[in-house]
Every structure is written in C-alpha cells, then in structure tokens.
Amino acid sequence: MDSGSPRHLKTWLFAAFVVLSNSLGNFFIARGMRTLPELNSPWSLLQAIFTPFVAVGIVLLISWLLSRMMLLSWADLSYMLPVTSLGYVLSALLGKFFLNEQISLARWGGTFLIVGGTILVGMGAPDSREKT
Amino acid sequence: MKAWILLGLVVGSTVLSDVLQSFEMKRHGEITDLGPSGMGRALAAMARRKFLILAVFFMAISFFAFIALVQSADLSFAVPASAASIVLETILARLILKEAVDARRWWGVGLVACGVGLLSA
C-alpha cells in the first residue's frame with residue numbers, strides 16, 4: 001500500500017488520536033488524583049470522578065476506547081498494538097514535564113526502543129491482507 | 001502469591017478484551033464514513049455487538065485488577081505486565097485472528113516489549 005494513500009493517512013490520524021487520548025486521559029486522572037485526599041470509601045471514589053481533572057480524564061479515556069475500536073475495524077491487532085505503544089513514551093514525557101517525575105537513562109533507552117518498534121511496524125500496511 | 005494472581009488477571013483480561021475487540025470489529029467491517037452521522041451509525045452498531053460488550057467487561061476487570069496490583073506491588077513489577085500482554089496478543093492474533101504477522105511486526109513487537117520493560121526500570 002502507498003504510504004501516502006488516504007487509508008494510510010486515516011490510519012495514522014486514528015493512531016495519533018488513540019495515543020493522545022490515552023496519554024492525556026491518564027495524565028489528567030493522575031493530575032486530578034494528586035490533589036485529592038486519600039480515597040478510603042466508594043463514596044469518595046464517586047466524588048473523585050466528578051472533580052474537573054478526573055472527569056476530563058475519563059471523557060478522554062472513553063474517546064480512547066471508541067477510537068481504538070474504530071481503528072481495529074480495518075487495522076490488524078498485531079499492527080495497532082506496537083504503533084499505539086507510543087503512548088508509553090508520551091506518558092513518560094508528560095510525567096517529566098508536567099508532574100516533575102524523573103526519567104532515568106534506562107527509561108530513555110526504553111523510549112528509543114518503543115519508538116524504533118513503532119516506526120518499524122508503522123512502515124508496513126495496517127491490514128495484513130494488503131501488500132506493503 | 002497475590003501479586004502473581006493479580007498479574008495473571010491483568011494480562012488474561014487485557015488479552016481477552018483486545019482479541020474480542022479485534023475479532024468483532026473485523027466482522028463489523030471497515031468504518032469508512034467518518035462524518036458525524038456515519039460515526040453515530042458506527043457507534044450505534046458497535047453498542048449492539050455482544051463480543052464488544054464482553055470486551056469492555058474484560059477491560060474493566062483488567063483496570064480494577066491493575067489498580068489492586070499497584071496497591072500491593074511495585075509499579076516496576078506491574079508495568080511489564082502490559083509488555084507480556086503485547087507479546088501474547090500478537091501470538092493470538094496470528095493463531096486465532098489469522099493475521100499474517102511478518103518478521104517486521106515480530107521485531108517491532110519485540111522492541112516495544114523490551115522498551116516497556118526498560119521504562120519500568
């Protein structure tokens with residue numbers, strides 16, 4: 001398949017949305033939970049869901065689930081898994097720049113391996129029934 | 001022992017959820033109309049698919065098992081669980097979903113799995 005074809009473009013747009021919605025969703029939930037006292041009852045958990053940051057995070061994670069299902073309507077599972085693993089990298093970067101988390105040398109190494117794996121698989125066709 | 005049981009639950013339910021989603025969405029067919037009405041129709045059709053509902057159920061189990069796992073085990077132990085599910089899912093995609101997993105995909109999955117392992121270091 002031509003990498004500039006409309007289908008390839010659609011695949012990359014959906015993959016980018018899947019990665020962004022998952023990473024930002026997790027980030028907003030983590031950001032929101034850090035400002036809350038310890039949750040020790042189902043009622044406090046329910047209250048946490050309706051705080052602004054956690055609510056935005058949950059909406060983003062619902063968007064992630066639906067866009068991922070849509071992507072799977074034409075892309076193979078064995079294609080989607082490594083390509084959307086870029087989310088691990090984005091989450092690490094969001095943690096470093098916005099939550100002041102530390103990224104060790106080993107984590108940078110892991111980041112490069114994930115990016116390499118994503119590029120390798122992403123160069124092929126999303127559907128194995130197509131020729132690359 | 002408890003951590004290993006929770007880890008098995010996380011990996012097992014994640015794998016089941018993803019394989020069911022892929023199986024059902026392949027049966028649904030490619031979503032081509034990305035306009036608001038086309039997306040609405042696709043979402044309505046997806047809400048009626050039993051295996052997708054089951055997939056969301058397994059995803060919820062995976063989510064709560066992961067929360068329980070990180071409460072009783074280190075994150076550096078819990079995160080590589082997702083790397084194990086990536087490898088297992090690729091094997092099942094080949095065996096159950098009959099996807100043609102070529103050498104490039106195997107290498108890509110291997111690199112990602114190793115990378116996730118290092119991220120948790």
Side-chain angles (χ1 to χ4, degrees), chain A residues 6-7 10-11 13-14 33 39 45 61-62 64-89 91-92 95 103-132, chain B residues 15 17-32 34 39 42-43 45-47 49 52 55-56 59 63 67 76 79 82-83 85-87 89-94 96-121:
Chain A
R7 195 164 189 234
K10 182 173 81 167
T11 304
L13 281 175
F14 264 79
M33 295 300 273
L39 306 177
L45 183 65
L61 288 182
I62 291 170
W64 162 74
L65 177 66
L66 294 176
S67 58
R68 195 172 185 265
M69 284 181 180
M70 287 185 176
L71 177 59
L72 282 171
S73 77
W74 70 88
D76 286 342
L77 182 62
S78 58
Y79 174 91
M80 189 210 65
L81 286 171
V83 167
T84 57
S85 293
L86 268 186
Y88 288 110
V89 176
S91 292
I103 299 186
S104 63
L105 199 62
R107 282 194 177 180
W108 281 119
T111 299
F112 282 115
L113 285 181
I114 291 171
V115 172
T118 302
I119 292 171
L120 195 64
V121 176
M123 286 191 310
D127 182 348
S128 58
R129 287 166 295 189
E130 292 182 57
K131 297 285 181 195
T132 51
Chain B
V15 168
S17 173
D18 284 352
V19 171
L20 283 172
Q21 280 180 58
S22 185
F23 173 75
E24 196 65 293
M25 291 314 291
K26 272 188 168 73
R27 284 209 315 178
H28 176 279
E30 181 174 355
I31 295 168
T32 51
L34 299 178
M39 296 275 254
L43 289 176
M46 284 158 66
R49 299 220 165 232
L52 280 186
V56 173
M59 189 173 271
F63 177 75
I67 297 285
S76 57
V79 173
S82 56
S85 69
I86 289 173
V87 175
E89 283 179 45
T90 305
I91 293 168
L92 291 179
R94 173 77 189 86
I96 295 175
L97 303 172
K98 308 292 179 196
E99 292 179 6
V101 184
D102 58 12
R104 177 157 53 186
R105 283 193 188 175
W106 283 120
W107 274 104
V109 166
L111 284 175
V112 168
C114 293
V116 174
L118 276 177
L119 271 192
S120 63

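The chains referred to below are lettered A, B, ... by the order of the sequence lines, with proteins before strands, and numbering in each begins at 1.
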So which part of B:Val56 gets closer than 4.5 Å to some heavy atom of chain A, the side chain, the backbone, both or neither?
->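 Contact with chain A is through the side chain of B:Val56 alone.
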With side-chain hydrogen bond (donor to acceptor under 3.5 Å, both in side chains) as the test, would you mind laying out the steps for A:Ser78 and B:Glu99 before giving the verdict?
-> CA-CA 8 Å; A:Ser78 58; B:Glu99 292 179 6; 2.6 Å; yes
So which part of A:Tyr79 gets closer than 4.5 Å to some heavy atom of chain B, the side chain, the backbone, both or neither?
->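 Contact with chain B involves both backbone and side-chain atoms of A:Tyr79.
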If you round to the nearest 0.5 Å, how far is CE of A:Met69 from OG of B:Ser22?
->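 B:Ser22 atom OG to A:Met69 atom CE measures 11.5 Å (nearest 0.5 Å).
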What is the distance from atom CD of B:Gln21 to atom CE of A:Met80, rounded to the nearest 0.5 Å?
->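 Between B:Gln21 CD and A:Met80 CE, I get 7.5 Å after rounding to 0.5 Å.
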Over 12 non-hydrogen atoms of neighbours within 6.0 angstrom of CZ in B:Arg49 =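 Yes.
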Neighbour count above 12 (heavy atom, 6.0 Å) for B:Trp107 CH2 =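 Count not over threshold, so no.
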Side chains of B:Glu30 and A:Asp127: does their closest heavy-atom pair fall under 4.5 Å?
->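 B:Glu30 does not reach A:Asp127 side chain to side chain.
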Less than 4.5 Å apart, any side-chain heavy atom of A:Leu77 and any of B:Glu89?
->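 A side-chain contact under 4.5 Å exists here.
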Which atom pair, heavy atoms only, marks the closest approach of [X] to [Y]?
X: A:Pro82; Y: B:Val109; answer: CG-CG2, 4.0 Å
X: A:Gly116; Y: B:Leu111; answer: C-CD1, 4.0 Å
X: A:Asp76; Y: B:Arg105; answer: OD2-NH1, 2.9 Å
X: B:Thr90; Y: A:Leu81; answer: OG1-CD1, 4.3 Å
X: B:Arg104; Y: A:Val121; answer: O-CG2, 4.1 Å
X: A:Met70; Y: B:Ala42; answer: CE-CB, 4.4 Å

Could you tell me which residues satisfy side chain to side chain contact (heavy atoms under 4.5 Å, CB included) with B:Leu34, sequence neighbours excluded, listed by chain and number?
->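 Side chain to side chain contact (heavy atoms under 4.5 Å, CB included) check on B:Leu34 returns A:Lys10, A:Phe14, B:Ile31, B:Met39.
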Can you name the one residue among A:Leu105, A:Leu113, A:Ile114 that meets side-chain contact (heavy atoms from CB on, under 4.5 Å) with B:Leu118?
->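 Result: among A:Leu105, A:Leu113, A:Ile114, A:Leu113 is the only option passing the side-chain contact (heavy atoms from CB on, under 4.5 Å) with B:Leu118.
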Let me see the working for B:His28 and A:Leu72 under side chain to side chain contact (heavy atoms under 4.5 Å, CB included), right down to the final yes or no.
-> CA-CA 10 Å; B:His28 176 279; A:Leu72 282 171; over 6 Å; no
